[in-house]
2 protein chains.
Amino acid sequence: MQITRQTEYAIRTLLELSRVPFGKLLQTRVISERQGIPEVFLTKTVQVLALAGLVQTQRGTQGGVKLAVPGDQITLADIITAIEGTLAINICLAENYSCPNMATCKVHQVFRRAQEAMLSELNSVTLSDLVETEKMQVSLENE
Amino acid sequence: MQITRQTEYAIRTLLELSRVPFGKLLQTRVISERQGIPEVFLTKTVQVLALAGLVQTQRGTQGGVKLAVPGDQITLADIITAIEGTLAINICLAENYSCPNMATCKVHQVFRRAQEAMLSELNSVTLSDLVETEKMQVSLENE
DNA sequence: GATAAATAAGATATAATTAGTCCACTATCC
DNA sequence: GGATAGTGGACTAATTATATCTTATTTATC
């Protein structure tokens, strides 16, 4: 019932990318150092994020990774879904699973409500929200 | 990010126990047959539920398993917690985990809100709620 | 007290998932 | 053409999930 470590790596990676001006590239080596993520494993994670359309990569000298869309258009739920596939707290809520008595099963209905409540929170916060707050805190500290 | 099959087994087991008069014993063999749960594995699951104080077991002839408390005092969240330990959608929300920057980490706070929203739903429904509805449906069908 | 019925406990097995590594390759910039 | 950075695929290791098997232990009942 927990997100995987890889999903956390993905969140932290995208947070790093949100902290630099939109369009700027960061190397996976830099991200892995800043966040303490195993480098080779991170490159795998980045590939998944790229496939999901959340980041874009560029090879060669001066290459790296950047956000594919601005940070205010990426929510935590987007990231979790990108790495873990459809977010379902029970198998009976997964996309291509059909429980014979889904229509009447009360447990199914409770799970669905619980999941929607959670998703609603995870969808209400974007990367920008998370780093905006950071900046505000820093400026307060500097006063 | 899903509950395990064992947790589902536990829920279905407790539902079966809620369907009989409070205090009545059911054998694990009967439960496993009704719910299609591997019998030996179910006995393990029952032991965990007993340890958590949700059911009581009795050995010997005429023995079996029964609810330790009435069904209106057991919620879905109780069952999940009994099997999986503390319910935490991210490791940073687990009980004995202390993230160095937990106080200021915005991601942590979002996860906490999301988890509480989910828990609130899972805590709002008891076993009795689930079987009460069943009975109502049955009586409607019989009209 | 013998017997049969039932759970308890612990060891072990198997499978699936998660986490991480290695290496040869391709693209890009200078 | 050399250095740099991501790509892709095969591989390994660790952990968790899902069981099974065997040997106790308890208890009702005859």
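To find a chain, count down the sequence lines: A is the first, B the second, and so on, and within it residues start at 1.
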Chemist: Roughly, in whole Å, what's the span from CG in A:Leu25 to C1' in C:dA27?
Modeler: 14 Å

Chemist: Output yes when a side-chain donor or acceptor of B:Gln115 lies under 3.5 Å from a complementary backbone atom of B:Ile89, and no otherwise.
Modeler: yes

Chemist: Would you kindly give the NZ-to-P distance between B:Lys24 and C:dA6, to the nearest whole Å?
Modeler: 13 Å

Chemist: Under 4.0 Å: is that the gap between some side-chain N or O of A:Tyr9 and OP1 or OP2 of C:dA19?
Modeler: no

Chemist: Please report, rounded to the nearest Å, how far the P atom of D:dG6 is from the CG atom of A:Leu26.
Modeler: 10 Å

Chemist: Identify the residue among B:Lys66, B:Lys24, B:Arg34 that makes a salt bridge (Lys or Arg N to Asp or Glu O under 4.0 Å) with B:Glu16.
Modeler: B:Arg34

Chemist: Tell me the interatomic distance from A:Leu49, atom CG, to D:dT7, atom C1', rounded to whole angstroms.
Modeler: 15 Å

Chemist: Just how far, in rounded Å, is C1' of C:dT18 from CD of B:Gln2?
Modeler: 15 Å

Chemist: Output the rounded distance in Å from CD1 (A:Ile91) to C1' (D:dA17).
Modeler: 13 Å

Chemist: Given D:dA19, C:dA19, C:dT7, which nucleotide is nearest the side-chain atoms of A:Phe41?
Modeler: C:dA19

Chemist: Under a 3.5 Å threshold, yes or no: a donor from one side chain and an acceptor from the other, between B:Thr75 and B:Asp78?
Modeler: yes

Chemist: In terms of the nearest nucleotide of DNA chain C, which residue is placed more toward the 5' end: A:Glu39 or B:Arg29?
Modeler: B:Arg29

Chemist: Scan nucleotides 8-10 of chain C against the protein and return all N/O pairs shorter than 3.5 Å with their distances rounded to 0.1 Å.
Modeler:
| from | atom 1 | to | atom 2 | distance (Å) |
| --- | --- | --- | --- | --- |
| C:dA8 | OP1 | B:Thr57 | OG1 | 2.4 |
| C:dA8 | O4' | B:Arg59 | NE | 3.3 |
| C:dA8 | O4' | B:Arg59 | NH2 | 2.2 |
| C:dA9 | N7 | B:Lys44 | NZ | 3.3 |
| C:dG10 | N7 | B:Lys44 | NZ | 2.8 |
| C:dG10 | O6 | B:Lys44 | NZ | 2.6 |

Chemist: Nearest to the side chain of B:Gln62 - D:dT29, D:dT18, C:dT7?
Modeler: D:dT29

Chemist: Any side-chain N or O of A:Arg5 less than 4.0 Å from the OP1 or OP2 oxygen of C:dG20?
Modeler: yes

Chemist: Checking side-chain polar atoms at under 3.5 Å, does B:Thr126 have a donor or acceptor matched by the opposite partner on B:Asp129?
Modeler: yes

Chemist: Can you check whether A:Ile83's main-chain N or O pairs, donor with acceptor, with A:Gln6's side chain at less than 3.5 Å?
Modeler: no

Chemist: Given atom CD of A:Glu8 and atom P of C:dG20, what is their separation to the nearest angstrom?
Modeler: 12 Å

Chemist: Could you state the interatomic distance from CG (A:Leu17) to CG (A:Leu127), rounded to the nearest 0.5 Å?
Modeler: 9.0 Å

Chemist: For the side chain of B:Thr61, starting at C-beta, report the closest nucleotide among D:dT27, D:dA19, C:dA6.
Modeler: D:dT27

Chemist: Would you kindly give the CD-to-P distance between A:Gln27 and C:dT28, to the nearest whole Å?
Modeler: 16 Å

Chemist: Choose from C:dA5, D:dA17, C:dT28 the nucleotide whose nearest atom is closest to any side-chain atom of B:Thr4.
Modeler: D:dA17

Chemist: Quick one: are B:Arg112 and B:Met102 in side-chain contact, heavy atoms under 4.5 Å?
Modeler: no

